[in-house]
2 protein chains.
Amino acid sequence: MGRERVTVVDIAHAAGVSKSTVSLVLQGSPLVNDGTRAKVNVVIRELGYVYNRGAANLRQANSKSKIIGIVVNDLTNSFFAELAVGVDMVVQSAGYVQFLSNTGESVDRQREVIASMREHGISGLILSPARGTEAADLKGLVAGGIPVVNVVRQIAGARVSSLISDNHGGMRDAVRHLAGLGHHRIAFLGGFPDTAVFNERLQGYRDALADVDLAVHDELVVSSAPSRAGGVAAIERALSLRERPTAAVCFNDAVAFGVCDGLRAHRLNPGEDFAVIGFDDVIEAQTAVPALTTVSVDPQGMGRRAAQLLLKQINAGKADAEAIVSSVRLVVRQSCGSAIDKRERLSLL
Amino acid sequence: MGRERVTVVDIAHAAGVSKSTVSLVLQGSPLVNDGTRAKVNVVIRELGYVYNRGAANLRQANSKSKIIGIVVNDLTNSFFAELAVGVDMVVQSAGYVQFLSNTGESVDRQREVIASMREHGISGLILSPARGTEAADLKGLVAGGIPVVNVVRQIAGARVSSLISDNHGGMRDAVRHLAGLGHHRIAFLGGFPDTAVFNERLQGYRDALADVDLAVHDELVVSSAPSRAGGVAAIERALSLRERPTAAVCFNDAVAFGVCDGLRAHRLNPGEDFAVIGFDDVIEAQTAVPALTTVSVDPQGMGRRAAQLLLKQINAGKADAEAIVSSVRLVVRQSCGSAIDKRERLSLL
DNA sequence: TCAAATAATTGGATCGTTCCAAATTTGTCA
DNA sequence: TGACAAATTTGGAACGATCCAATTATTTGA
């Protein structure tokens with residue numbers, strides 16, 4: 001089993017050429033004669049040679065490692081799983097591989113993970129920072145000239161690129177849509193209040209209410225963990241109010257699904273007795289029943305875009321921070337009672 | 001930005017010792033004097049040194065790279081996301097890092113990914129093989145003496161360890177439970193028929209029906225994609241039968257959720273009008289409404305166990321294949337009408 | 001046919017670390 | 001204090017690839 005490692009020298013010897021030639025073949029140089037190349041390739045296959053990127057990487061300190069790191073704060077949330085898949089797609093086809101780690105919202109874990117990635121010589125990092133991450137946590141990377149793209153969450157003061165979605169605008173559109181359907185008491189459910197994303201979305205909610213001349217009731221804003229379970233808890237609280245809301249915009253799709261679950265537990269039918277709008281447009285949003293009306297962020301597309309941005313910076317050799325706000329759009333499905341249903345219902349009155 | 005790299009030699013020079021001593025400090029050798037160690041550590045911090053694992057790894061060809069690879073066939077399925085999280089936990093705390101890739105059920109992609117991982121010198125691989133993977137695809141790894149642990153799916157003829165769940169037993173328990181509740185027409189919904197997992201679970205279904213003297217009706221076995229959308233399609237087909245089933249065991253939780261969605265679209269209440277049992281026990285299973293009765297596989301625990309098994313083999317230095325069948329247990333929740341509900345309902349008659 | 005140009009090949013030196021055997025310092029005890 | 005053991009430290013030689021400048025083989029053109 002643990003046989004001797006086959007190296008370029010072995011190949012060279014077996015093929016009757018020098019190791020330099022073998023190296024040239026490996027990197028697809030046009031300098032080598034076609035016949036020689038073929039001969040070398042045959043030997044490579046015969047001996048079962050595997051390229052040692054570590055060694056190669058050592059010499060070409062200028063060039064990069066062909067590894068990009070991606071760390072997310074919650075892989076069990078399908079939003080991030082899809083994001084990772086999107087990143088993997090473009091990264092893979094650019095000849096890179098992905099180092100993926102999950103921090104579970106722990107900054108300590110995040111620190112360890114990033115340190116470890118640096119030791120392995122990643123040539124770039126895509127980071128969805130854990131809650132409480134500070135600019136200082138990225139100092140090492142930035143000082144080392146390693147491009148970083150922050151996704152989903154921004155870090156104040158960090159001089160790195162970021163790709164976040166239009167949280168404010170998306171939430172505003174969602175609330176306006178509900179108001180347009182005739183809802184007056186619209187709740188904002190889920191999410192941790194100490195995150196930038198939460199506050200951006202909340203602001204969108206407030207601004208939209210102001211736009212349509214509806215009052216903002218603080219008790220209609222119920223924070224919770226941004227998970228399915230959190231959604232159940234949040235709607236529970238919202239339904240216990242003296243004056244119940246008739247509709248809700250949710251921090252994300254996971255919360256929205258939880259809200260639907262919680263509504264059913266109260267014998268309320270989401271989409272009919274209560275309007276629910278999510279945020280993210282996770283794949284399940286379209287197949288769920290009722291199909292979830294949600295603000296589409298296209299997590300996979302976001303992953304792809306983040307990866308492209310990162311690769312651009314890696315290739316450019318310099319990392320000037322650019323902040324991209326990716327636009328979102330409201331996808332109207334069944335969970336809020338479509339406009340048509342509403343009209344029909346009104347015409348019956 | 002792209003400043004010169006700090007190396008052991010720089011540290012050595014600045015601390016007034018030799019590079020060998022610095023190396024000793026780095027690997028925490030007890031040979032070095034405490035005073036020296038402290039001095040060196042200070043300099044390391046001051047100069048912002050980052051360890052170059054690539055270089056280290058090059059020299060100590062005997063030892064391993066502290067990278068373990070994990071490739072899954074569908075990261076967007078939360079079962080696998082959780083599995084990956086479980087792996088990450090133990091791998092991380094053992095000082096390794098995780099190379100994670102997603103194949104999306106493509107053997108070609110899988111081949112590329114595994115090749116790339118080998119080039120990076122992974123010291124072990126956890127693999128949930130794509131459909132259609134053959135023993136030959138793992139030949140290189142095995143020949144190279146790299147331990148491999150197959151999870152979830154087994155590969156016939158491959159001399160690698162595997163950790164799969166008791167598909168047969170789990171499904172048998174599920175069917176028996178439904179039969180015990182008085183169901184006679186029990187469907188088997190979802191999954192691709194060309195996989196080992198499908199056939200093991202199907203066999204468990206058949207054997208259980210035989211055990212309780214129920215006939216097997218082929219039309220009650222409806223295969224589909226093992227996803228939420230697949231579940232919707234499968235229940236659709238099942239409900240279109242002349243003689244409808246009254247209960248269903250599903251290939252996995254994703255399918256089960258889809259089945260619940262499909263039932264609601266037909267104005268049927270899962271757990272009351274129709275009993276549904278899933279397989280996997282994904283986290284959402286407990287928070288969903290109705291909470292899903294399912295065969296608990298504990299994906300995260302499975303990930304942890306797989307990682308432990310792999311680390312054991314890495315440390316042992318030899319990889320003798322062992323096949324572990326991890327036991328499962330039926331978790332009764334609301335989606336099948338609990339035994340108590342059933343009894344109550346009967347007493348009313 | 002021969003010089004010049006072009007194509008193809010090649011031997012070290014090198015990347016940043018660990019290993020090894022040998023050298024140096026320090027400590028112990030009669 | 002001197003001999004001997006133990007504790008520390010250290011200079012090169014690796015590891016497996018790439019790079020560079022230099023060499024050798026092949027064409028080309030007049």
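Quick note on labels: first sequence line is chain A, next is B, and so on, each numbered from 1.
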Nucleotide D:dA17, atom P - distance to NE2 of B:H120 in whole Å: 14 Å
Sugar-phosphate, base or nothing in reach of A:V17, heavy atoms under 4.0 Å: sugar-phosphate
Closest to the A:A55 side chain, choosing from C:dT9, D:dT9, D:dG16: D:dG16
Whole angstrom value for the distance that separates P of C:dT10 from NE2 of A:H13: 13 Å
Atom-to-atom span, CG of A:L58 to C1' of D:dC19 - whole angstrom: 13 Å
Phosphate-side-chain proximity, A:T7 and D:dC15, N/O vs OP1/OP2 below 4.0 Å: no
Side-chain N,O (A:Q27) to OP1/OP2 (D:dA17) below 4.0 Å: no
Rounded distance (Å) that lies between atom P of C:dA8 and atom NZ of A:K19: 20 Å
Reported CD-to-CG distance for the pair B:Q98 and A:N102, which is rounded to 0.5 angstrom: 8.5 Å
Interatomic spacing from CG in A:L127 to CD1 in A:I155 - rounded to 0.5 Å: 5.5 Å
Sugar-phosphate only, base, or nothing, as touched by B:S20 at under 4.0 Å among non-hydrogen atoms: base
Side chain of A:L24 - closest among D:dA17, C:dT18, C:dT9: C:dT9
Rounded interatomic separation in angstrom, taking CZ from B:R53 and P from C:dT18: 10 Å
Interatomic distance where CG belongs to A:L31 and P belongs to D:dT18 [whole Å]: 14 Å
A:Q313 side-chain N/O to A:L309 backbone N/O, donor-acceptor pair under 3.5 Å: no
Distance, rounded to the nearest Å, where A:D34 contributes CG and D:dA25 contributes P: 20 Å
Side-chain H-bond candidate by donor/acceptor type, B:S18 with B:T21, under 3.5 Å: yes
Residue-phosphate contact under 4.0 Å: B:Q60 side-chain N/O, C:dT17 OP1/OP2: no
Listed nucleotide nearest any side-chain atom of B:Y51, set C:dT14, C:dT18, D:dC15: C:dT18
Side chain of A:R5 - closest among D:dT10, D:dG16, C:dG11: D:dG16
Nearest-neighbour nucleotide for the A:N33 side chain, C:dA8, C:dC15, D:dT8 considered: C:dA8
Candidate nucleotides C:dT10, D:dG16, D:dT18, ranked by approach to the side chain of A:N52 - the nearest: D:dG16
Under 4.0 angstrom between B:S23 side-chain N/O and C:dT18 OP1 or OP2: yes
A:E112 and A:S116 side chains, donor-acceptor separation under 3.5 Å: no
Residue met sooner reading DNA chain C from 5', once B:Y49 and A:V32 are mapped to nucleotides: A:V32
Length of the CG-C1' vector between A:D10 and D:dA17, whole Å: 13 Å
Any donor-acceptor N/O pair under 3.5 Å between C:dT17 base and B:R59 side chain: no
Under 3.5 Å donor-acceptor pairs involving side-chain atoms of residues 134-143 of chain B, not counting sequence neighbours:
{"from": "B:D137", "atom 1": "OD1", "to": "B:R111", "atom 2": "NH1", "distance (Å)": "3.3"}
{"from": "B:D137", "atom 1": "OD2", "to": "B:E134", "atom 2": "N", "distance (Å)": "2.9"}

